[in-house]
Amino acid sequence: MVAGETHLRWLALADLVAMVGFVSGGMYLSKVYKQRRGRAMNAAGMALGFTGVSEDELLLPDIRLLSGSGSLSTYSNVLHGKAASYETFIFDFCDTTSSGRTTRAVNQTVAAFHLPGANMPDFQLGPRKLGDKIGCLLGTRQLRLESNPTFSDRYVATGADLESAATLFTPAVLSFFEGIENNLLTVEGYWDWVIVYRPEHRVKPAELGEFVENTSQIASGLLGQVSRPLLTQVT
């Protein structure tokens, strides 16, 4: 009986050691991955004329949707430079949410464009999904541009100032977005910032140039201001 209890204790200890080793190994691999990605992103950024900077130099305003709803938001691999003549930051953003014993981290690469004096309205624009259609039925305020039903069917715009946001969507901007096939990018504007990202997606270092080009085109297009508001319907 004593021998059996001793055997069980040894098994329990072995399981504990194995668990500790597994967790430690996972943490080590995660650290190595972060270091390798940091070096690769920095090299890719330098090739585009960007410079790696500390997280403290990224002074974004508290944009409502980018900040997420998690208990912890972190920035890493911050690159600073210019794209389409605008001050630009590229960075990895992680929003961590904890619920009971479950922790979920959402990671994405973000392009943030600083447009001094732009006075952008507070808005978010993204590809329309099934959940957005349900939200509209439940009373969520969404912008519809009656002059461009195709745009409104493919994209959903929300935010605190939808009427002002409508003036951003000139015919050229609408045509630009309508011409993007399988667009997965989300755009947010607030004050003098425009940020663009694909939710829950980190850009590979080899794809950084394409990411900067695509996102800077969107940011440039949104600078166009119309002289009169488009015909809108906020539902």
Side-chain angles (χ1 to χ4, degrees), residues 41 44-45 48-70 72-97 105-129 132 142-143 155-162 164-169 173 176-177 180 183-205 207-225:
M41 289 292 285
L48 299 172
F50 284 74
T51 303
V53 297
S54 69
E55 292 78 3
D56 295 336
E57 296 187 47
L58 182 61
L59 302 177
L60 281 173
D62 185 18
I63 298 180
R64 171 177 48 89
L65 292 162
L66 175 65
S67 59
S69 57
L72 178 63
S73 297
T74 59
Y75 304 84
S76 60
N77 303 324
V78 182
L79 301 169
H80 180 239
K82 280 194 172 183
S85 301
Y86 307 120
E87 181 183 21
T88 306
F89 288 93
I90 308 294
F91 56 92
D92 288 334
F93 176 76
C94 179
D95 186 46
T96 303
T97 302
V106 176
N107 295 284
Q108 52 213 7
T109 302
V110 178
F113 302 90
H114 191 207
L115 317 173
N119 193 25
M120 300 289 291
D122 180 357
F123 77 95
Q124 186 208 44
L125 175 71
R128 186 175 291 276
K129 298 174 292 187
D132 298 317
Q142 300 177 7
L143 176 67
Y155 296 94
V156 58
T158 60
D161 192 2
L162 294 182
S164 295
T167 64
L168 293 172
F169 301 113
V173 172
F176 172 78
F177 277 102
I180 304 177
N183 181 33
L184 300 174
L185 294 173
T186 292
V187 187
E188 295 183 23
Y190 178 73
W191 193 25
D192 53 0
W193 289 89
V194 171
I195 64 173
V196 189
Y197 59 95
R198 176 179 170 182
E200 302 187 33
H201 176 76
R202 276 188 173 180
V203 174
K204 296 178 181 178
E207 299 172 348
L208 187 62
E210 181 181 2
F211 177 71
V212 172
E213 180 180 359
N214 292 339
T215 55
S216 62
Q217 287 179 357
I218 291 175
S220 296
L222 288 176
L223 283 178
Q225 301 288 321

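Residue numbers run from 1 in the order of the sequence given. Side chains are part of it too, since the values below use all heavy atoms of this structure and drop only hydrogens, waters and symmetry mates.
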Side chains of His80 and Phe50, heavy atoms from C-beta outward: is any pair under 4.5 Å? no

Nearest non-hydrogen partners of Ala111 and Ile90, listed with the distance: CB-CD1, 3.6 Å

Can you find a pair of side-chain heavy atoms, one from Asn107 and one from Asp92, that are under 4.5 Å apart? no

Straight-line distance of Met41 CE to Arg202 CZ, nearest 0.5 Å: 8.5 Å

Looking at Glu55, I'd like to know if its CD atom is crowded, meaning that more than 12 non-hydrogen atoms belonging to other residues, nucleotides or ligands lie closer than 6.0 Å. yes

Tightest non-hydrogen contact, residues Phe91 and Ala112, listed as CE2-CB, 3.9 Å

Between Val156 and Pro127 the two heavy atoms that sit nearest each other are CG1-O, 4.1 Å

For Thr109 versus Val203, what's the shortest heavy-atom pair and its separation? OG1-N, 2.9 Å

Ignoring hydrogens and geometry, is there a side-chain-to-backbone donor-acceptor pair from Ser216 to Ala84 under 3.5 Å? no

Gap separating the CG atom of Leu125 from the OG1 atom of Thr186, nearest 0.5 angstrom: 8.0 Å

Tyr197 and Glu188, any side-chain heavy atoms less than 4.5 Å apart: yes

Quick one: sort the Phe177 and Tyr155 rings into parallel, tilted or perpendicular, breaks at 30° and 60°. perpendicular

Atom OH in Tyr190, atom CD in Gln124: separation rounded to 0.5 Å? 15.5 Å

Roughly how far apart are Asp192 CG and Tyr86 OH, rounded to 0.5 Å? 12.5 Å

Rounded distance (nearest 0.5 Å) linking atom CG of Asn214 with atom CZ of Arg198: 12.0 Å

In short, Thr215 meets Phe113 closest at the heavy-atom pair OG1-CZ, 3.4 Å

Can you measure from NE2 (His201) to CD (Gln108) and round to the nearest 0.5 angstrom? 10.5 Å

Are the side chains of Leu48 and Leu208 in touch, meaning some heavy atoms are under 4.5 Å apart? yes

Considering non-hydrogen atoms only, spot the tightest contact between Pro199 and Leu184 and give its length. CD-O, 3.6 Å

